[in-house]
Amino acid sequence: GIEGYIFDLDGVIVDTAKYHYSAWKKLAHRLGFDFQEDENERLKGVSRTRALEILLDIGGIKAINPEEKRALADLKNSWYQEYILRMETSEILPGVLPFLRELRKRTIKIALGSASKNAVTILDKLNLMAYFDVIVDGNKVTKAKPDPEVFLLAAKLLNLSPEKCIVFEDAFSGIEAAKSAGMYAVGIGSPQVLYQADLVFPSLEKITIDSIEKALSL
Ligand code: G6P
Ligand code: MG
């Protein structure tokens with residue numbers, strides 16, 4: 001069976017995706033263009049720097065030096081942090097706590113595999129730190145999803161080979177990363193977007209270890 005469960009953070013455990021979007025939208029407005037929700041998918045799962053580059057590309061902004069880029073990324077992050085510091089445990093997505101508790105009870109290893117440099121702040125704020133054996137976040141990796149680095153490092157720190165691991169992801173780039181890491185991938189969201197996943201569910205609600213293993217014929 002599966003020995004390691006690896007979770008993305010934003011959009012899987014907590015709906016911070018809406019806060020990222022609001023902060024990027026504010027930055028777009030500051031730069032003089034609008035940023036529509038249908039284009040937001042491209043920014044999910046990738047690093048802050050990469051997300052900024054995609055946003056600038058959407059806005060048709062080309063001439064910008066590295067210092068200016070850093071300043072813009074910092075500005076977005078300061079707005080984003082205002083949202084996350086106000087977050088409450090009620091914002092943990094449906095089904096997350098029962099599922100984490102079930103994994104803990106069965107002594108299955110749990111890791112976080114997130115591109116976010118704010119991951120620990122968020123887990124702390126939501127009282128979720130104690131569930132994770134391993135935390136791999138944006139401070140520990142250099143290559144953004146769809147590169148498999150984040151998940152491979154999580155498996156390594158869990159002492160498990162990739163084929164013993166399963167990843168839960170809401171982003172297209174994250175599913176791609178999990179699959180190229182050689183892991184099972186469960187998409188949380190829309191099957192149209194996450195078609196590369198082995199399984200797709202609308203949320204973690206009603207998901208159990210048995211239902212996952214059965215669906216994967218394990
Ligand atoms: C997550 C989100 C991305 C975000 C990235 C970096 O993977 O899905 O949208 O850009 O983390 O987050 P950070 O908190 O470091 O800006
Ligand atoms: Mg995500």
Side-chain angles (χ1 to χ4, degrees), residues 1-21 24-25 35-55 57-58 92-96 98-100 103 108 110-116 119 136-138 141 143-155 160-218:
I2 296 161
E3 292 175 33
Y5 277 64
I6 305 176
F7 294 89
D8 172 49
L9 177 67
D10 297 303
V12 171
I13 288 181
V14 66
D15 189 15
T16 41
K18 65 178 182 223
Y19 299 141
H20 278 295
Y21 175 63
W24 285 126
K25 194 176 174 74
F35 173 43
Q36 301 286 338
E37 189 129 33
D38 59 333
E39 303 203 85
N40 188 42
E41 197 54 46
R42 292 174 63 197
L43 274 66
K44 287 186 187 172
V46 303
S47 67
R48 194 182 308 161
T49 315
R50 183 73 200 113
L52 174 65
E53 285 166 1
I54 297 169
L55 186 81
D57 185 54
I58 289 168
I92 297 172
L93 286 168
V96 170
F99 193 44
L100 290 175
L103 292 166
I108 291 173
I110 307 174
L112 190 84
S114 167
S116 175
V136 180
D137 64 13
V141 293
K143 292 176 227 136
K145 298 168 189 175
D147 190 282
E149 183 185 18
V150 59
F151 297 135
L152 289 173
L153 181 58
L160 294 172
S161 57
E163 64 273 16
K164 295 273 180 209
C165 296
I166 189 163
V167 170
F168 292 77
E169 255 295 346
D170 69 313
F172 178 81
S173 60
I175 296 292
E176 207 167 58
K179 290 318 291 174
S180 52
M183 299 177 181
Y184 293 103
V186 178
I188 301 297
S190 139
Q192 277 80 45
V193 177
L194 307 173
Y195 57 86
Q196 293 190 52
D198 298 298
L199 300 170
V200 180
F201 296 103
S203 77
L204 282 174
E205 219 171 359
K206 298 188 185 95
I207 294 184
T208 62
I209 299 169
D210 289 344
S211 67
I212 294 274
E213 298 211 333
K214 198 170 163 211
L216 294 171
S217 335
L218 293 168

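The first residue of the sequence shown is numbered 1, and numbering continues consecutively from there.
- Nearest heavy atoms, D137 versus S116: CB-O, 3.2 Å.
- Contact of the I212 side chain with the I207 side chain is registered, since non-hydrogen atoms from C-beta on lie closer than 4.5 Å.
- Here the shortest heavy-atom pairing between A119 and S114 reads CB-OG, 4.4 Å.
- The environment of K206 atom NZ is sparse: at most 12 non-hydrogen atoms of other residues, nucleotides or ligands sit within 6.0 angstrom.
- A distance of 7.5 Å separates CZ of F201 from CD1 of I188, quoted to the nearest 0.5 Å.
- The backbone N or O of A115 sits nowhere less than 3.5 Å from a side-chain atom of S47 that would complete a donor-acceptor pair.
- Between D10 atom CG and D170 atom CG the span is 7.5 Å, to the nearest 0.5 Å.
- Here F99 contributes atom CZ and I209 contributes atom CD1; the two are 6.0 Å apart, rounded to the nearest 0.5 Å.
- In this structure, L9 CG and L93 CG are separated by 9.5 Å, a value rounded to the nearest 0.5 Å.
- Using a distance-only test at 3.5 Å, with no hydrogens or angles considered, a donor-acceptor pair links the side chain of K179 to the main chain of M183.
- Annotation: ring-ring contact (aromatic ring centres under 6.0 Å, His included) contacts of Y184 (sequence neighbours excluded): none.
- When all heavy atoms of E169 and L194 are compared, the closest pair comes out as O-CD1, 4.1 Å.
- What you find for I110 and L103 is that their closest heavy atoms are CD1-CB, 3.7 Å.
- For K164, the NZ atom counts as loosely surrounded, since its 6.0 Å shell holds 12 or fewer non-hydrogen atoms of other residues, nucleotides or ligands.
- Between G189 and V200, the shortest heavy-atom distance links the atoms O-CG1, 3.4 Å.
- Taken to the nearest 0.5 Å, the CD atom of E39 stands 4.0 Å off from the CD1 atom of I58.
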Quick one: do K44 and E41 satisfy salt bridge (Lys or Arg N to Asp or Glu O under 4.0 Å)? Show the steps, please.
CA-CA 5 Å; K44 287 186 187 172; E41 197 54 46; 3.4 Å; yes
Could you give me the CA-CA distance, side-chain angles and deciding distance for K145 and D8, then say whether side chain to side chain contact (heavy atoms under 4.5 Å, CB included) is met?
CA-CA 11 Å; K145 298 168 189 175; D8 172 49; 3.1 Å; yes
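- Screening F151, Y5, F7 for a side chain to side chain contact (heavy atoms under 4.5 Å, CB included) involving V167 leaves a single residue, F151.
- The OH atom of Y195 sits 11.5 Å away from atom CD1 of I175, with the distance rounded to the nearest 0.5 Å.
- Contact check for I166 versus V186: side-chain heavy atoms found under the 4.5 Å cut-off.
- Listed for the D198 side chain is a donor-acceptor partner under 3.5 Å among the backbone atoms of A185.
- Here the closest heavy-atom approach between residue K143 and residue D147 is recorded as CD-OD2, 3.3 Å.
- Taking the ring-ring contact (aromatic ring centres under 6.0 Å, His included) definition, one finds that Y21 meets it with F35, sequence neighbours left out.
- Judged by distance alone, the side chain of E213 and the main-chain N or O of I2 form a donor-acceptor pair under 3.5 Å.
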